[in-house]
Number of protein chains: 2
Amino acid sequence: MQTKGSGPEPTTPAPVTLHDVARAAGVSVATVSYVANGRTNVRLSDATRLRVQQALDDLGYRPNALAKNLVKGTSKFVGLVTDGVATTPFAGQIIHGAQDEAWRHGFVLLVANTDADPQVEHEAIEMMREHQVRGILYSTWYHREITVPPALDSAEMVLVNCYAPGSDARAVVPDERQGGRVATEQLLEQGHRRIAFLNTTWESPARTGRLAGYRDALAAAGVGFDPALVIDAEPNQEGGYAAYEELRRLDVTAAFCHNDRVAMGLYDALRVRGLKIPTDLAIVGFDNQEVIAAHLRPPLTTVQLPHYELGAAGVRILLGIDPVPTGSVSKLACPLVPRESVASGLAD
Amino acid sequence: MQTKGSGPEPTTPAPVTLHDVARAAGVSVATVSYVANGRTNVRLSDATRLRVQQALDDLGYRPNALAKNLVKGTSKFVGLVTDGVATTPFAGQIIHGAQDEAWRHGFVLLVANTDADPQVEHEAIEMMREHQVRGILYSTWYHREITVPPALDSAEMVLVNCYAPGSDARAVVPDERQGGRVATEQLLEQGHRRIAFLNTTWESPARTGRLAGYRDALAAAGVGFDPALVIDAEPNQEGGYAAYEELRRLDVTAAFCHNDRVAMGLYDALRVRGLKIPTDLAIVGFDNQEVIAAHLRPPLTTVQLPHYELGAAGVRILLGIDPVPTGSVSKLACPLVPRESVASGLAD
DNA sequence: ATGAAAGCGCTAACAG
DNA sequence: CTGTTAGCGCTTTCAT
């Protein structure tokens, strides 16, 4: 309220309403509403239309979205509840993709980070529903199986970067298998035949999917699968560094690492031995973690998780723009990001 | 609507309203409103209170936040418009901090990534205002000077990770100078006296602030400032690697790097020469970019940018929880994250 | 102790 | 062509 009170009133100035404009233009609120919304199916004289528009501009009218949504019964909100994508370096792209796509369709993104706390998760979802969100994106910071939180029952929603086997929820996840395949193919194309795979020790879709892709590529190239070439490694620098001990005894010319961090550790191990990449060993990573991959020496060829697209696709499915059947889980391709850790000429 | 219509109605089931509950409990909506909001200052018989509560639970009543906010005239939204914090690895913590803090006070976070496009920025702000946000946080992905977008005029807002010299906007930024000081002190405490500073070439508060901090620490320790020890380096791995050429001629025992990436490059340069950290050279970085700092060999001692706190503090200022005067720019401390790239015993 | 009623700002029939 | 009116779901005096 902009009374002349001397108190420091930090509230926003004057919310000018349809009513104000109507009075100023000497017309009814309905008329103002029409021109404010640019409705052409209503017939208005150019004269009034102009006069109203003038008043609209003069007073600096801004519609109250709350009121608008109330009457329409549905808001322009899309909720995103995450267990920590905001916390994670590259998974933040899920937010980015969701926000961009939502925006593109006139929707605003409501985000809630739950840090995987079921209580917070529950409240976040309730609250979004109270705000009449059009739907909710439920996402995880790494690709995994989940069980849909009860609060999401009978809510319009789609799972992002996770999936729930039992449920009929629609989901969108990265295509780990295709990613594993494209990584391996890259090595195969350079003539490598004995390719080690430093797989993660964590049970996950990434672990099984990428392995399957690795085998797909091998099979397609007519190269036999040798289980001995699959090495368990902790999914971080230390894991990659340690794995070298095992890898050296394998007589391989290339290694496909579960992620960029493992690759980074492997780089270290090779450097200590004075070995060169890609001549002594060609390497491909996974994740395309910018800060690592693009700046390792040599820059790391890797595969990218489609986080941005995951968020965007989730919104598209939610809004019904990409129609997919109930229970479907869409897999998004993981593109190869070629750099210099795999020779461009024939290796070996 | 759950009519028996055969069409696929993906809309949420049945929005049960106050009215529904009132009828079910045989009371008026006012009464229901009272108990739904747990108002104790209104006197209601325990009997009705219980009966209404029962109906509330039975029907699974969920208030419509839109309607609630409409009548109260203000929403429970806080907007966050960023030029790309969602895009950046660690700056995503600004979102996280803002979201957590907003949540703590019953507010929801509306995010909009503008990718620094003024047009998008304008629309994002307008739209947030239409949604009657309580206030807007305007943030940048790296600490810098900005000019406040006109759309923000006369809006409740605070600048996060950026500041606008001319304006009377409140801002909250990292204390670069203190960060530079604490980093240098760490080296000084270990007995180092000739400490190189690999400063960034980018003109920025980080560049000038950290240098000032470096000098502060030197002065406090009675060590003379030698301009020759300040080396320009591109703020990435390549910059750190290249800077070694200059650094080797300097006869220093330690180096303070503008950021972790530069430190990473420097690690590489040292390794190539067979030099050891911290014995041959002690190193401290800046940013605490987890994926690098914690996993370098040895792990990197660094200074952390308080992104999470920046977001949280921004919200607190916005909501008036942390009262600060108009035009003030609060500086948040950058804590030291000690690891192993600085010896624990006396070096040199 | 409880209910009726007046809006919040806006949209959408329905009248004229 | 334009104005009147009835709500959207909820809060809040003011009666009773």
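Both backbone and side-chain heavy atoms feed into the values below; hydrogens, waters and symmetry mates do not. By convention in this document, chain letters (A, B, ...) are assigned in the order of the sequence lines, proteins followed by strands, and residues within each chain are numbered from 1.
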DNA chain C: 5'-most and 3'-most nucleotides touching chain A, 4.0 angstrom heavy-atom criterion: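 Using the under 4.0 Å cut-off, the span is dG9(C) to dA13(C).
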Would you check if there is a donor-acceptor pair between the side chains of [Y] and [X] at a distance under 3.5 Å?
X	Y	value
His96(A)	Gln99(A)	no
Thr82(B)	Asn113(B)	yes
Tyr61(B)	Asp20(B)	no

With a 4.0 Å limit, can you tell me whether Thr48(A) has a side-chain N or O closer than that to the phosphate oxygens OP1/OP2 of dC1(D)? no
So does His105(A) have more than 12 non-hydrogen atoms from other groups sitting under 6.0 Å from NE2? yes
Under the side chain to side chain donor-acceptor pair (under 3.5 Å) definition, can you give me all pairs with a residue in residues 318-330 of chain B, not counting sequence neighbours?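 Applying side chain to side chain donor-acceptor pair (under 3.5 Å) to every pair that reaches into residues 318-330 of chain B, excluding sequence neighbours, yields Arg316(B)-Asp322(B).
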Taking all atoms of both residues into account, what is the closest heavy-atom pair of Gln132(B) and Pro63(A), and its distance?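 That closest heavy-atom pairing would be OE1-O, 4.4 Å.
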Residue pair Leu152(B) / Val148(B): nearest heavy atoms and the distance that separates them: CB-CG1, 3.8 Å
Could you run through nucleotides 8-16 of chain D and give me one letter per nucleotide, 5' to 3': B if any protein heavy atom sits under 4.0 Å from the base, S if only the sugar-phosphate is that close, - if neither? BBSBBB---
Among Lys68(B), Arg62(B), Lys76(B), whose salt bridge (charged side-chain N to carboxylate O under 4.0 Å, His left out) with Glu130(A) holds?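 Between Glu130(A) and the candidates, salt bridge (charged side-chain N to carboxylate O under 4.0 Å, His left out) is satisfied uniquely by Arg62(B).
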